[in-house]
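One structure is given here, and the rest of the page talks about it.
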Protein chains: 2
Amino acid sequence: MRHLCMPQGLPAEDVPRLEALICGARRVRRGEALYRSGDRFDNLYAVRTGSLKTMIVHRDGREQITGLRLAGEALGLDGIATDVHAFSAVALEDSSICTLPYGALKRLCREVGTMQDRLHRLLGDQFNQEASQMMVLGSLSAEERVAAFLLDVSERNWERGYSHAEFHLRMSREDMGSYLGITLETVSRILSRFQKRNLIDARGKLIRIVDIDGLKDL
Amino acid sequence: MRHLCMPQGLPAEDVPRLEALICGARRVRRGEALYRSGDRFDNLYAVRTGSLKTMIVHRDGREQITGLRLAGEALGLDGIATDVHAFSAVALEDSSICTLPYGALKRLCREVGTMQDRLHRLLGDQFNQEASQMMVLGSLSAEERVAAFLLDVSERNWERGYSHAEFHLRMSREDMGSYLGITLETVSRILSRFQKRNLIDARGKLIRIVDIDGLKDL
DNA sequence: CGGTGCTTTGAACACTCTCAACCGCCGTGG
DNA sequence: CCACGGCGGTTGAGAGTGTTCAAAGCACCG
């Protein structure tokens, strides 16, 4: 099974042209940054293996997790507006990353309409993902947020051919809390509560979803 | 002073080609939808005069305001990912809207590199705006959220040549609350509090910022 | 083994929500 | 012309959810 980083939905004849752009995989060790907020924006990335978190660093030092990227997902679009990355991207585990030079990609998009569409959809997709996270942060209770997060990760795992029900979630409780707008203690308490109710089975970072419908019912 | 809907930063020689695409202004009355969540996505829009709110409608009927668009700002990108609008856009006052057929715009972007850049920046911009709203929802107190919102609107007014300090904010308290992830009562209380502390002077929908630094200091 | 970092759990507190009453404005209709 | 009803906004009191602070447990790694 080949590692197709980005070209889902691209017609077969155009794939080689995209692949020609991809610079060899870059490795990032757990805790290292692929790029930092303020870095110049030159490349888009796709996670080949592993996972990363993206975050904004506030002026007063506070930081907020803005997203989680799993294997197969795209990364780096936070730099398009200003040529400077708005986020930092930090590996949650040792990971390997495909690099796509943005300038070359732009040129390709001008020639190949399907490629242009693909890029637009990618941008739009991330836009929509953020919108749904705004919904989570704006109108769900803490318990609902945690449930929504678990279901989201579960679904994204599924989309990439892995298990619906069991996955490694390499974020710390603090990262999850930051992403969900609650404290790490609340995250921990809620996971324990879910466990007691037989909704999930969490052994540290390994999460098994026992009752997916129960979670969906909030 | 001409009404330039979108082409800020576009070289002079390319502007006519963009303008050729713009379909005449469409009028939307207060309370009417420019488009609804689920509608087919065909056009991008730019607010010529007036203002609109964008919102997501949850399956259980709950709705959340996702954004405010003032005169001069772009609208409609929530449909790019899926060809169907994710948001609804509703006029907060009688407004007039420029329409840009997306298909034609895409074609133009293939020919004109600066236009492609411009569209990407537009997308990236909205992405970043949402990210900063996630920050607001995820880590600010209610008071900080309201202050951040007022400052944001103030700045966006300024960017378009209007007053820093005084503007009509046509959202209801409920809309503001929904956008900020708090209740309308909390919004109202906090505005009153700001008024008592001589930070703002709010007469219904007309907001005057008295002490902008005081607001920035939270 | 002993440390360090992450997680869990508890208890008190604070902030925001909920529910409710009241006010002022505006358009409608008697 | 005034009364009425509806809508949006303000304000209060009490309730509830999530936070804060603190302590203890656990796991990984030198």
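Order of the sequence lines sets the chain letters (A, B, ...), proteins ahead of strands, with each chain counted from 1.
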(request) Return the 5'-most residue of the pair B:G181, A:S192 with respect to DNA chain C, ranking by each residue's nearest nucleotide. (result) A:S192
(message) I want to confirm an ordering. Mapping A:R30 and B:R193 to their closest nucleotides on DNA chain C, which one lands closer to the 5' end?
(response) A:R30
Remember a base hit wins even if backbone is also touched, and classify [X] as base, sugar-phosphate or nothing at under 4.0 Å, heavy atoms.
X      : answer
A:T186 : base
B:L191 : nothing
A:S172 : sugar-phosphate

(message) Determine whether a donor-acceptor pair (N or O, by modelled atom type, separation under 3.5 Å) exists between the side chain of B:R160 and the backbone of B:A71.
(response) yes
(request) Report yes or no: does B:S96 contribute a side-chain atom to a donor-acceptor pair with the main-chain N or O of B:R27 at less than 3.5 Å? (result) no
Rounded off to whole Å, could you give me the [atom1]-to-[atom2] distance for the [X] and [N] pair?
X      : N      : atom1 : atom2 : answer
B:R173 : D:dG8  : CZ    : P     : 12 Å
B:I190 : C:dC15 : CD1   : C1'   : 10 Å
A:L169 : C:dC6  : CG    : P     : 15 Å
A:L92  : C:dC6  : CG    : P     : 12 Å
A:R145 : D:dT17 : CZ    : P     : 14 Å
B:I182 : C:dC17 : CD1   : C1'   : 11 Å
B:K205 : C:dC25 : NZ    : P     : 14 Å
B:E144 : C:dT16 : CD    : P     : 9 Å

(message) So B:F167 and B:L70, do their side chains get closer than 4.5 Å, heavy atoms only?
(response) no
(message) Closest approach to the side chain of B:S141, judged atom by atom: which nucleotide of C:dT18, C:dT16, C:dT7 is it?
(response) C:dT16
(request) Look at the side chain of A:E185 and decide which nucleotide, out of C:dT16, D:dT19, C:dT9, has an atom nearest to it. (result) C:dT9
(message) For a quick check under 3.5 Å, do A:H85 and A:D39 share a side-chain donor-acceptor pair by atom type?
(response) no
Polar pair under 3.5 Å, donor/acceptor by atom type, side chain [X], base [N]:
X      : N      : answer
B:R189 : D:dG9  : no
B:E174 : D:dC7  : no
B:E143 : C:dC15 : no

(request) Assess whether atom CD of B:Q195 is packed by more than 12 heavy atoms of other residues, nucleotides or ligands within 6.0 Å. (result) yes
(request) Return no unless some side-chain N or O of B:S188 is found under 4.0 Å from OP1 or OP2 of D:dG9. (result) no
